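Everything numeric here is computed off the predicted structure, so don't read it as measured data. What you see below is based on every heavy atom in this structure, not just the backbone, and it leaves out hydrogens, waters and symmetry mates. Within every chain, numbering begins at 1; the chains are lettered A, B, ... in the order of the sequence lines, protein sequences first and strands thereafter.
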2 protein chains.
Amino acid sequence: MEQKVTLKELARLLNLSVSTVSKALNDSSEISAQTRSRVKQLALLNNYVPNGMAQSLKNNKTKTIGVVIPNILPSFFTKALHGIESTAAKAGYKIIICISNESTEKEEESLRTFLSGRVDGIILSLAKETQQTKKLDHLKRIIDYGIPLVFFDRISDELSCDSISIDDKKIAEKATDEMHQTGCRNIIYLSTIFDTSVDLQRQNGYTISQAKRRAEPYILHIKDYAVFQERLLPVISEKCVDGILAADELSAILTMRTAIKNGYKIPEDISVIGFTNGFMGEHFLPSLSTVNQHAEEQGKMAVETLISRLKDENTDPVKHVLDTAIIHRESTRTPVSFLKNV
Amino acid sequence: MEQKVTLKELARLLNLSVSTVSKALNDSSEISAQTRSRVKQLALLNNYVPNGMAQSLKNNKTKTIGVVIPNILPSFFTKALHGIESTAAKAGYKIIICISNESTEKEEESLRTFLSGRVDGIILSLAKETQQTKKLDHLKRIIDYGIPLVFFDRISDELSCDSISIDDKKIAEKATDEMHQTGCRNIIYLSTIFDTSVDLQRQNGYTISQAKRRAEPYILHIKDYAVFQERLLPVISEKCVDGILAADELSAILTMRTAIKNGYKIPEDISVIGFTNGFMGEHFLPSLSTVNQHAEEQGKMAVETLISRLKDENTDPVKHVLDTAIIHRESTRTPVSFLKNV
DNA sequence: CTGAAAGCGCTTACAG
DNA sequence: CTGAAAGCGCTTACAG
């Protein structure tokens with residue numbers, strides 16, 4: 001096992017001072033070209049790697065971003081994390097990741113460790129519990145401390161921070177409109193992530209669309225995937241449901257499973273549109289028509305926004321709202337095919 | 001924006017020395033109970049959080065684990081990461097994650113940043129390219145530097161490190177045996193992750209099973225999902241394939257899609273067994289019978305193994321091989337139903 | 001062009 | 001029981 005080589009050791013070997021070695025490695029113009037290359041050569045030879053902790057302590061920056069997400073398993077967050085990681089890596093930032101598990105307490109805990117100067121800034125998507133209870137003190141503390149914070153997807157408008165999100169309301173309205181245009185007359189909204197900011201927006205858009213046709217909105221909240229089928233099935237038959245807007249990918253998939261297993265045809269009997277463009281929906285049979293939630297793009301923009309914030313602290317918060325679209329696949333009828341059927 | 005309070009500041013406010021304050025906060029028995037509580041109270045009042053960089057520099061430990069995975073999107077790695085994060089969090093460790101994107105170069109780069117004393121130890125699953133080319137210098141360097149390294153899933157036997165994996169060979173053999181027992185006579189092995197350690201083992205187990213019945217093994221390697229169907233379909237019809245062991249979840253799903261879309265019935269015409277117990281396989285119609293790859297468990301054990309290694313450097317490397325099982329769902333016939341059909 | 005000194009925020013032997 | 005001093009590995013104003 002090699003002994004880890006430090007500046008001091010390098011200086012000793014070169015008969016130079018630590019300061020000179022440091023400057024040489026950092027390509028300071030103060031140092032002669034000859035010395036610079038001599039130093040660098042020896043550093044290379046000895047596999048010198050500067051100690052990041054010491055650098056961070058001195059420079060007061062860590063080149064590290066803290067990321068807090070509610071859950072890593074849903075493909076939206078997996079993909080967002082992917083976008084975050086690759087964008088951060090390209091810009092020379094490492095990421096520390098914490099999963100809040102939808103709990104405010106764990107979210108607080110994660111943020112507490114970020115208070116210790118371990119990260120330059122934070123990217124966060126709020127836990128369900130935090131959005132339900134609106135307890136935001138731990139987030140305010142971060143802001144008070146002056147650590148830049150960027151929200152994505154599940155954002156808060158009460159805090160003055162940068163944020164990235166999609167226009168959930170508008171796209172939910174559009175999705176509902178479209179289902180109606182292809183013949184659906186009893187469209188319901190189904191959600192397992194109720195009381196999150198995104199859920200509220202989507203519900204809103206759905207309700208607006210229904211109101212345009214004086215159709216009664218019907219919101220189905222299912223708390224636990226374990227009772228999915230027994231909650232959904234009676235609603236389908238009692239309400240003669242022929243269109244379902246599902247607020248998350250797994251709900252959409254389980255909706256299709258439930259429907260198909262019980263003799264309904266998709267999209268002929270029931271149209272389904274989901275949120276999040278994940279692999280599950282993409283490869284299911286029938287493949288899922290879905291709102292493109294721009295997971296990777298949101299992650300990417302969150303990093304970019306954070307990095308510009310790191311450079312320029314004093315501009316106003318930027319609230320990015322991404323435009324989005326529906327990806328049409330097999331779980332919805334096309335306007336054309338619907339017209340042919342009429 | 002509050003000014004960040006340091007030990008020095010606390011000491012000034014309390015009229016004590018920095019050393020005393022530090023010891024008091026660390027509950028040193030050297031300090032009187034009274035002083036201790038006085039210090040702690042003020043620290044709490046001022047939201048004092050010790051600077052982690054300074055502590056790390058001094059203590060030479062970071063309470064951070066570096067994680068390198070080839071790709072975050074396949075559910076095996078998502079789940080493994082989930083296991084890693086939750087286990088690490090419970091033990092008070094943060095995790096820095098790097099994605100190698102299956103490339104040796106990015107793997108090297110990630111490890112380089114870990115050389116800078118940012119992490120206490122590393123958990124890694126090898127990139128496909130690294131396993132193909134067997135370039136292991138960057139990993140040897142980590143070991144030489146004395147940074148504890150734990151492999152999981154895609155491991156290397158050439159390096160003397162702790163590792164966690166499942167017995168891929170044994171379970172692949174069993175899966176093939178089972179398909180044969182339920183009537184499959186032309187079983188092929190299909191992989192998109194060829195030349196990884198896990199692929200080789202699985203291939204091995206499959207070949208052994210085939211050899212027991214003097215059946216010719218047939219290995220289908222598909223490099224690109226884009227040509228999946230056009231590569232698979234001719235093989236199915238020419239070889240009269242009635243059983244497919246697919247080395248990864250997505251391949252298994254695409255196999256089922258391809259088969260069903262072309263008029264084959266699953267499992268009546270073709271049985272399919274996949275690897276990785278992911279959501280996609282669980283919820284597909286028909287649901288996928290699959291080897292339980294123990295993703296979360298592997299992640300958990302990797303962390304536990306690393307943490308014990310951190311405590312005790314000098315014991316021999318431990319190679320954990322987890323026992324595993326097949327989760328029987330709808331994509332395979334049961335032995336019973338097969339017997340009834342005869 | 002090079003180096004001595006101070007300091008980032010901590011911890012910990014050592015002295016009193 | 002408390003504090004002064006050294007030091008973790010760097011960087012950077014300042015002096016020469």
Side-chain angles (χ1 to χ4, degrees), chain A residues 2-40 42-43 46-64 113-120 145, chain B residues 2-40 42-43 46-64 113-120 145-147:
Chain A
E2 304 171 25
Q3 195 46 47
K4 212 159 193 173
V5 53
T6 65
L7 276 191
K8 205 200 230 172
E9 178 67 5
L10 245 33
R12 196 182 59 76
L13 292 170
L14 288 158
N15 258 319
L16 285 170
S17 75
V18 171
S19 354
T20 304
V21 175
S22 169
K23 286 178 202 160
L25 289 172
N26 291 312
D27 261 327
S28 161
S29 58
E30 283 183 59
I31 307 297
S32 73
Q34 200 207 348
T35 306
R36 259 187 279 170
S37 80
R38 209 159 67 88
V39 170
K40 285 189 187 172
L42 192 79
N46 286 64
N47 287 320
Y48 171 72
V49 185
N51 182 307
M53 299 294 125
Q55 286 182 317
S56 298
L57 184 59
K58 189 68 202 165
N59 299 334
N60 206 21
K61 53 186 171 176
T62 60
K63 282 284 184 175
T64 304
T113 75
F114 290 157
L115 246 29
S116 66
R118 241 167 244 291
V119 299
D120 294 341
Y145 259 73
Chain B
E2 306 172 25
Q3 194 46 45
K4 211 157 195 175
V5 53
T6 64
L7 278 191
K8 206 199 228 173
E9 178 66 7
L10 245 35
R12 197 184 58 77
L13 292 169
L14 288 158
N15 255 321
L16 284 171
S17 75
V18 170
S19 352
T20 304
V21 175
S22 168
K23 285 178 202 160
L25 288 172
N26 290 313
D27 260 328
S28 162
S29 58
E30 284 183 59
I31 308 296
S32 74
Q34 201 208 347
T35 306
R36 258 186 281 171
S37 79
R38 209 160 66 88
V39 171
K40 285 188 188 174
L42 192 79
N46 287 64
N47 287 322
Y48 171 72
V49 185
N51 182 306
M53 299 294 127
Q55 287 182 315
S56 298
L57 185 58
K58 188 69 200 161
N59 300 333
N60 205 20
K61 52 187 172 177
T62 59
K63 281 283 183 178
T64 304
T113 76
F114 290 158
L115 246 29
S116 66
R118 243 167 242 291
V119 299
D120 294 341
Y145 260 73
I147 303 176

The contact string for nucleotides 9-16 of chain D, one letter per nucleotide 5' to 3', using protein heavy atoms under 4.0 Å with B, S and - for base, sugar-phosphate only and none, comes out as BBBBBB--
Does B/Asn60, at its CG atom, have more than 12 non-hydrogen atoms belonging to other residues, nucleotides or ligands within less than 6.0 Å? no
So B/Asn51 and A/Leu57, do their side chains get closer than 4.5 Å, heavy atoms only? yes
Can you tell me how far P of D/dT2 sits from CG of B/Leu14, to the nearest Å? 11 Å
Give a yes or no on this: more than 12 heavy atoms of other residues, nucleotides or ligands lie within 6.0 Å of atom CG of B/Asn26. yes
Mind calculating the distance between CD1 (B/Ile31) and C1' (D/dG3) to the nearest angstrom? 9 Å
How many angstroms lie between atom CG of B/Leu16 and atom CG of B/Leu7, to the nearest 0.5 angstrom? 11.5 Å
So does B/Asp27 get a backbone contact from the side chain of B/Lys40, meaning a donor-acceptor N/O pair under 3.5 Å? no
Counting distance only, does the side-chain N/O of B/Ser56 pair as donor-acceptor with the main-chain N or O of B/Gly52 below 3.5 Å? yes
How far does CD of B/Gln55 sit from OG of B/Ser22, to the nearest 0.5 angstrom? 8.5 Å
So how far is it from B/Leu10 CG to B/Leu42 CG, rounded to the nearest 0.5 Å? 5.0 Å
Less than 4.0 angstrom between a side-chain N/O of A/Thr35 and OP1 or OP2 of C/dC1, yes or no? no
Bracket notation of DNA chain D in which parentheses pair within the strand, [ ] cross earlier pairs, and | pairs with another strand (Watson-Crick or G-U, under 3.5 Å): |||.||||||||.|||
Rounded interatomic separation in angstrom, taking CD from B/Glu9 and P from C/dC8: 12 Å
